[in-house]
Amino acid sequence: MRFGFTEDQLMLRDTVREILARECTPEVVRAVWEKKSPKTPYGTLAEAGVLGMTLTEEQGGLGLDETDAALPLEEAGYAALPEPIVEAIAALPVVAAHGGGAWAEKIAAGEARLSISIGDARLVAFAEQADVFLRYDGKKLYLAPREEVALEMQVSVDRTRSIAVPRFTDEGATVLAEGAEAAELAALVFDRAALGSALFLNGLSRKMLELAVEYAKDRVQFGRPIGSQQAVKHRLADALIALEFAKPLAYRAAWSVAVADPERSLHVSLAKLRASEAARFVAKQSLQVHGAIGYTIEHDLHLWMKRAWALAAAYGTEDFHRDRIGRAILNEA
Amino acid sequence: MDLRFTEKEEAFRAECRAWLEANVPKEPLPSGDTAEGFALHVEWEKKLFEARWAVVSWPEEYGGRGASLFEWLIFEEEYYRAGAPNRVTQNGIFLLAPTIFEFGTEEQKKRILRPMAAAEHLWAQGWSEPNAGSDLASLKSTARRVEGGWRLTGQKTWCTRGAFCDSAFGLFRTDPTQERHKGLTYFLFPLKGEGVTVRGVDRLDGDLGFAEVFLEDVFVPDRDVLGEVNKGWEVAMATTSSERGLSLRSPGRFMATASRLVDLYKRYRETCDPALRKEVIDAYAAAEAYRWYTFGTVTRMSQGGEIGADSSMNKVYWSEMDVRTHEAALAMIGDRLELDEGSPAAEDHASWLKGFQFALAGPIYAGTNEIQRNIIAERVLGLPRK
Ligand SMILES: Cc1cc2nc3c(=O)[nH]c(=O)nc-3n(C[C@H](O)[C@H](O)[C@H](O)COP(=O)(O)OP(=O)(O)OC[C@H]3O[C@@H](n4cnc5c(N)ncnc54)[C@H](O)[C@@H]3O)c2cc1C
């Protein structure tokens with residue numbers, strides 16, 4: 001038993017952290033929010049091998065697994081990266097291994113973007129940016145090119161997210177699998193995307209907490225930093241506890257996915273449930289500590305907070321994951 | 001990352017499971033915080049020690065097995081899974097012993113550790129005083145230098161199982177010219193004998209779990225000073241982080257409670273409030289989170305890391321989780337929740353009421369959760385003290 005990361009994994013995290021610190025500043029996230037199409041680090045992440053990291057070396061990837069991807073995904077959340085990195089890491093191995101090699105290569109190279117639509121999920125994210133959709137319709141798993149998907153655009157509370165209600169046709173589809181195999185692969189992609197979202201959410205939480213801690217040290221009222229007041233301290237201590245006890249469940253789920261543990265879905269649901277709850281909780285604490293400045297669009301907090309709200313419901317709401325846990329542990333039919 | 005247990009660890013688990021299955025009393029013992037129950041618990045502790053399960057992580061020379069921290073966690077999981085009795089030796093083996101290993105002399109280790117593990121000599125904690133609770137450094141008990149040792153005078157309180165134990169450990173002011181954290185010394189002192197008066201105090205749950213200890217010029221030889229004279233605060237802090245952190249409350253305990261809650265729900269799911277399903281699942285998720293958090297801590301410690309102020313996060317987390325889990329159970333048993341031990345209609349549920357009352361103490365003992373949150377905010381997050 002060794003529940004920690006290797007030197008290599010920490011190095012990869014640092015690489016991603018540096019790229020994002022340089023190229024995914026709050027200004028970049030804000031520019032996406034304002035629909036200014038800024039340059040994002042999508043290409044740089046591809047060059048560093050991050051997008052295709054879970055592909056084998058023959059497929060043009062780094063041959064890494066979910067435990068290697070865990071910290072980079074957390075970093076992506078910390079930077080509120082407005083790109084489909086969770087989707088790329090979740091979907092590419094399945095896409096590449098089942099006849100979608102050409103698409104996988106393009107995505108890993110940063111030349112295309114992929115979005116995911118599994119089962120009766122109402123919405124797709126990255127709707128405008130996506131070149132291709134990985135779709136499971138209950139019978140088959142296929143790739144649908146952008147131009148064959150009718151998108152009814154919606155407005156997300158997080159304006160960096162381009163959201164749509166999709167209508168798929170079979171036109172131009174590359175079928176990856178059918179029947180039982182398709183169901184199994186779709187379940188795997190879903191779990192990997194839920195896991196990725198959990199990690200991303202934990203990164204968002206870390207940033208929201210950090211913003212609040214820094215603010216609490218600086219902001220002076222009644223002649224002293226607000227962070228010296230116990231009521232403020234206790235809120236932030238609780239936020240830290242929520243985050244620190246969500247993280248290990250996500251790392252453990254990463255391991256379970258990587259080794260195809262038979263209880264993979266249970267572990268992913270534990271991770272996603274607790275990460276979503278923690279992120280919503282940290283967001284509330286952080287907002288309260290910021291006072292009115294946090295209640296503006298001018299301040300950066302909302303960029304992270306709204307992403308947290310959106311992701312808390314993506315790839316399974318809290319209720320969905322809680323229910324999955326219940327069915328696994330309560331011997332329910 | 002490798003979340004598989006090794007063959008050696010699996011074998012260790014199988015061995016403790018088999019021994020516990022064969023030896024754990026079939027009927028739960030009466031509470032270890034009563035005179036009768038305490039004696040039965042001590043008997044159980046002796047049996048554990050003879051089979052070398054009392055202190056698995058200690059070196060063999062003191063009665064342990066030299067087990068790794070992971071093996072210790074495995075032992076704890078199995079121990080609580082088997083429903084084995086609460087450890088009346090815990091304040092010695094989990095709280096004093098780590099301090100002795102770190103600060104004790106060879107003579108102290110040889111003299112104290114084995115009888116402690118063997119439940120031949122039982123230890124209580126003597127920190128709190130009537131006017132020094134959270135603000136422990138304001139304590140008033142003193143120790144006066146005399147030939148060959150010290151004379152202790154003062155009053156300690158809330159001393160768990162103090163009415164039944166042989167000795168206690170605590171802080172006394174040895175330098176009256178110094179204030180607060182300075183000029184304190186860590187003493188091991190008798191709970192029986194000349195100058196010592198111990199008065200048991202009934203706890204909330206009705207057990208004689210607490211004691212007040214009055215000391216009047218009680219002689220303690222030099223060999224019972226732990227660490228340096230006037231450096232007692234530093235020595236004591238080592239114990240508190242064991243208490244809040246890992247050793248006092250390992251995940252096994254809470255996983256066992258969560259799993260009992262799951263069983264309770266399966267029994268009552270047709271009749272109880274459907275909203276309780278959420279509580280059960282959340283309790284399970286919380287215990288799992290604690291388990292994996294702890295595996296992370298133990299991995300760091302095995303690589304030379306320390307717990308430090310992080311132990312305050314553990315403490316707030318496990319204590320509040322324990323209260324919520326018990327609240328869910330009480331909600332499930334409905335109007336029987338008021339039925340205490342001795343009520344035939346309580347069936348096997350009175351233990352939830354007992355457990356609930358004890359859980360309520362969790363946010364108070366080992367440093368209240370308010371104090372822990374201050375520590376987290378100041379030492380982990382770096383917020384200003386003033
Ligand atoms: C079941 C149980 C077993 C115990 N066993 C032992 C034992 O074996 N040995 C021993 O020495 N002691 C023991 N204690 C005592 C325990 O350590 C103390 O209760 C604890 O340190 C708090 O002290 P107090 O009770 O005097 O409360 P106080 O310190 O008076 O606190 C009362 C309330 O005020 C709050 N408060 C105090 N100061 C602050 C502050 N600065 N900021 C915010 N809030 C504050 C506290 O959090 C608490 O809610 C035990 C207690 C219990 C309940």
Side-chain angles (χ1 to χ4, degrees), chain A residues 1-6 9 67-68 70 209-210 212-213 216-217 224-230 232-242 244-256 258-259 261 266-267 269-271 273-274 277 319 321-326 328-332, chain B residues 1-6 9 68-71 73-74 258-259 262-263 265-266 269 277-278 280-282 284-286 288-300 302-303 305 310 312-318 320-321 369-370 372-378 380-386:
Chain A
M1 170 69 63
R2 182 178 179 283
F3 191 42
F5 292 96
T6 62
Q9 288 169 332
T67 64
D68 303 299
L209 177 58
E210 196 178 288
V213 168
K217 286 182 191 167
R224 53 194 267 209
I226 57 167
S228 67
Q229 303 281 4
Q230 208 171 62
V232 172
K233 284 182 180 167
H234 288 192
R235 266 184 199 283
L236 296 177
D238 285 338
L240 179 68
I241 291 170
E244 289 304 315
F245 283 88
K247 275 159 54 179
L249 286 178
Y251 302 153
R252 184 271 203 115
W255 163 267
S256 295
V259 302
D261 188 293
L266 167 61
H267 300 167
S269 283
L270 286 164
L273 170 63
R274 299 287 290 200
E277 286 178 336
D319 282 349
H321 287 290
R322 192 179 282 110
D323 188 56
R324 243 183 21 163
I325 299 166
I329 66 165
L330 300 174
N331 304 359
E332 291 169 349
Chain B
M1 193 178 292
D2 185 351
L3 307 191
R4 290 166 303 181
F5 289 107
T6 61
E9 286 162 345
S68 70
L69 277 175
F70 278 113
E71 286 168 334
L73 286 176
I74 290 170
S259 131
V262 165
D263 290 342
Y265 175 77
K266 286 178 185 164
R269 67 175 130 209
R277 180 174 183 269
K278 173 177 184 297
V280 175
I281 296 166
D282 287 346
Y284 173 83
E288 280 283 298
Y290 188 60
R291 180 174 193 236
W292 289 96
Y293 180 89
T294 305
F295 283 152
T297 306
V298 166
T299 299
R300 273 203 316 284
S302 314
Q303 295 165 345
D310 283 6
S312 295
M313 289 199 273
N314 279 46
K315 203 268 147 162
V316 172
Y317 186 87
W318 62 248
E320 296 182 0
M321 163 173 73
N369 285 10
E370 284 76 14
Q372 303 314 313
R373 287 184 165 91
N374 290 348
I375 294 172
I376 295 164
E378 289 163 17
V380 185
L381 293 176
L383 291 170
R385 292 175 78 91
K386 288 221 158 59

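Numbers restart at 1 for each chain; the letters A, B, ... are given by sequence-line order, proteins then strands. Model, not experiment: these values are computed from the prediction.
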**Message:** Among residues at least two apart in sequence or on other chains, which ones pass ring-ring contact (aromatic ring centres under 6.0 Å, His included) with Phe5(A)?
**Reply:**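 If we apply the ring-ring contact (aromatic ring centres under 6.0 Å, His included) test to Phe5(A), skipping adjacent residues, the hits are Tyr251(A).
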
Heavy-atom pair count under 4.5 Å with chain B, highest-scoring of [options]:
options: Val259(A), Leu273(A), Leu240(A); value: Leu240(A)
options: Glu244(A), Glu210(A), Arg224(A); value: Glu244(A)
options: Gln9(A), Lys247(A), Lys217(A); value: Lys217(A)
options: Asp238(A), Leu209(A), Val232(A); value: Asp238(A)
options: Ser269(A), Ala271(A), Gly4(A), Pro225(A); value: Gly4(A)

**Asked** In terms of heavy-atom proximity below 4.5 Å to chain B, should Ile226(A) be classed as side chain, backbone, both, or neither?
**Response**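 Answer is neither: Ile226(A) stays 4.5 Å or more from chain B.
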
**Request:** Please flag which part of Arg322(A) lies under 4.5 Å from any non-hydrogen atom of chain B: side chain, backbone, both or neither.
**Result:**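 Both backbone and side chain.
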
**Expected output: side-chain Arg252(A) to main-chain Glu288(B) donor-acceptor under 3.5 Å** =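 No.
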
**Asked** Just by distance, do the side chain of Lys233(A) and the backbone of Pro384(B) share a donor-acceptor pair under 3.5 Å?
**Response**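 Yes, the answer is positive, given that a donor and an acceptor are paired below the 3.5 Å cut-off.
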
Less than 4.5 Å apart, any side-chain heavy atom of [X] and any of [Y]?
X: Trp255(A); Y: Asp2(B); answer: yes
X: Leu3(B); Y: Asp261(A); answer: no
X: Thr6(B); Y: Met1(A); answer: no
X: Leu236(A); Y: Ile376(B); answer: no
X: Arg277(B); Y: Asp323(A); answer: yes
X: His234(A); Y: Glu370(B); answer: yes
X: Gln230(A); Y: Arg373(B); answer: no

Part of [X] within contact of chain A (heavy atom distance under 4.5 Å):
X: Asp310(B); result: neither
X: Phe70(B); result: side chain
X: Val380(B); result: side chain
X: Lys266(B); result: side chain
X: Arg269(B); result: side chain
X: Phe295(B); result: both

**Prompt:** How are the rings of Phe3(A) and Trp292(B) set relative to one another: parallel (under 30°), tilted (30 to 60°) or perpendicular (over 60°)?
**Reply:**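 Ring orientation, 0 to 90° scale: perpendicular.
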
Pairs of heavy atoms under 4.5 Å with chain A: top-ranked of [options]:
options: Tyr265(B), Phe5(B), Tyr284(B); result: Tyr284(B)
options: Asp263(B), Asn374(B), Val280(B); result: Asn374(B)
options: Thr297(B), Thr299(B), Thr294(B); result: Thr299(B)
options: Ala377(B), Ala285(B), Ala289(B); result: Ala289(B)
options: Arg300(B), Gln303(B), Glu320(B), Arg291(B); result: Gln303(B)

**Message:** Distance check, rounded to the nearest 0.5 Å: Ile241(A) atom CD1 versus Tyr317(B) atom OH?
**Reply:**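 Interatomic distance, Ile241(A) CD1 to Tyr317(B) OH, rounded to 0.5 Å: 10.0 Å.
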
**Request:** Give a yes or no on whether a salt bridge exists between Lys278(B) and Asp319(A), defined as a side-chain N under 4.0 angstrom from a carboxylate O.
**Result:**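 Salt bridge: no.
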
**Message:** Please find the pair of heavy atoms, one from Ala237(A) and one from Leu381(B), that lie closest to each other, and give the distance.
**Reply:**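 So the minimum-distance heavy-atom pair works out to N-CD1, 4.1 Å.
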
**Item:** Taking every non-hydrogen atom, the tightest pair across Leu330(A) and Ile281(B)
**Value:**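 Looking at all heavy atoms of both residues, the shortest contact is CD1-CG1, 4.3 Å.
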
